[in-house]
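One-based numbering along the sequence shown. Note that this is a predicted model, so its numbers are computed, not measured.
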Amino acid sequence: SVSNNRAGCGSSARMPSKSCGRMREINLPAGLDDIASQAFAYDSLLHVVSIPESVRHIGSNAFAFCRKLRTVTLPGRLKEIESYAFCECSDLEEITFPANSNMLGEMILWGCRKMRNVIVPSVTPPTFDCNSQLFDLEEDFIYDRCTLTVPVGSERRYAAAPGWKLFKHIRPQKPSE
């Protein structure tokens with residue numbers, strides 16, 4: 001269930017109640033396969049979210065404006081992340097994508113100005129919807145500062161791939177990472 005200390009919050013990631021806007025930590029239930037659009041958007045105190053391995057889809061703006069999130073690890077079974085899923089998560093510094101994402105929406109990380117490390121364990125660069133990218137093009141300073149960490153031997157693929165080639169720092173993932 002969704003865990004917090006407030007009464008009235010639901011256990012569904014599809015329709016959380018409006019009184020849930022002040023959670024510090026969310027532990028989504030095992031077996032959940034979808035996080036709906038705007039499910040946790042504008043939760044100004046959310047620091048930690050535990051997303052179970054069963055989640056296969058994250059809707060648009062699902063965690064938008066959750067300004068206190070610092071790191072996010074997306075589950076291995078996740079296939080699709082819709083546009084702006086983590087937009088304006090201004091304290092977000094690191095995100096780990098799954099190795100098997102099929103489709104990434106537009107500007108998933110738009111406004112994540114503190115982003116330092118994007119980890120993508122897929123040998124083949126995931127494709128973006130509408131030939132988009134992770135950040136807005138006006139946020140080119142993020143591409144200059146942020147490191148894209150990818151599997152050893154796939155650096156050239158990412159350096160040539162639409163959306164991914166904007167990163168100035170692409171490094172191989174060390175086996176211990």
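For R67 (side chain) and F65 (main-chain N/O), no donor-acceptor pair under 3.5 Å exists by modelled atom type. At distances below 3.5 Å, not a single donor-acceptor pair connects side-chain atoms of S54 with backbone N or O atoms of D33. Side-chain N or O atoms of S37 include one that pairs as donor or acceptor with a backbone N or O of S60 at under 3.5 Å. Side-chain atoms of E53 come within 3.5 Å of backbone N or O of G76 as a donor-acceptor pair.
Contact detail for P75 and V55: the closest heavy-atom pair is CG-O, 3.8 Å. A36 and A62 get closest at one heavy-atom pair: O-CB, 3.6 Å. Taking all atoms of both residues into account, the shortest heavy-atom contact from I119 to Q173 is CG2-NE2, 3.9 Å. Heavy-atom minimum distance, F97 versus P121: O-CD, 2.9 Å.
E93 pairs in a salt bridge (charged side-chain N to carboxylate O under 4.0 Å, His left out) with only one of the listed residues (K114, R70, K68), which is R70.
Side chains of R56 and L78 form no contact here, defined as non-hydrogen atoms less than 4.5 Å apart. The shortest distance between side-chain heavy atoms of C87 and N61 falls below 4.5 Å. Two residues are said to be in side-chain contact when any heavy atoms from C-beta on lie closer than 4.5 Å; L104 and T127 fail this criterion. Within the 4.5 Å cutoff, the side chain of T149 has no heavy atoms near those of the V118 side chain. In this structure, I51 and L74 have side chains that are in contact, with non-hydrogen atoms separated by less than 4.5 Å. F141 places a side-chain heavy atom less than 4.5 Å from the side chain of R113.
Interatomic distance, K79 NZ to I58 CD1, rounded to the nearest 0.5 Å: 13.5 Å. Considering CD1 of I142 and CG of L137, their distance stands at 11.0 Å, rounded to 0.5 Å. Atom-to-atom distance recorded for D91:CG and C66:SG is 11.5 Å, nearest 0.5 angstrom. The CD atom of Q133 lies 6.0 Å from the CE atom of M107; values are rounded to the nearest 0.5 Å. Expressed to the nearest 0.5 Å, how far CD1 of I26 lies from NE2 of H47 amounts to 12.5 Å. Distance NE2/H57 to CG/D34: 5.5 Å, rounded to 0.5 Å.
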Throw together a table of side-chain donor-acceptor distances under 3.5 angstrom for residues 157-170, partners on residues two or more places apart or in other chains.
residue : atom : partner : partner atom : Å
R157    : NH1  : V123    : O            : 3.1
Y158    : OH   : S122    : O            : 2.5
W164    : NE1  : P126    : O            : 2.8
H169    : NE2  : D144    : O            : 2.8

Original post:
Between L148 and Y143, does a side chain to side chain contact (heavy atoms under 4.5 Å, CB included) hold up when you go through it step by step?
Top reply: CA-CA 9 Å; L148 175 62; Y143 289 109; over 6 Å; no

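With no hydrogens or angles considered, a side-chain donor-acceptor pair links S50 and N27 at under 3.5 Å. Checked by atom type, the side-chain pair S83/D129 shows no donor-acceptor distance below 3.5 Å.
Note on L69 and I108: same hydrophobic cluster, where clusters join Ile, Leu, Val, Met, Phe, Trp and Tyr whose side-chain heavy atoms are under 4.5 Å apart, directly or indirectly.
Below 30°, between 30° and 60°, or above 60°: for F63 and F86 the angle between ring planes is below 30°, a parallel geometry.
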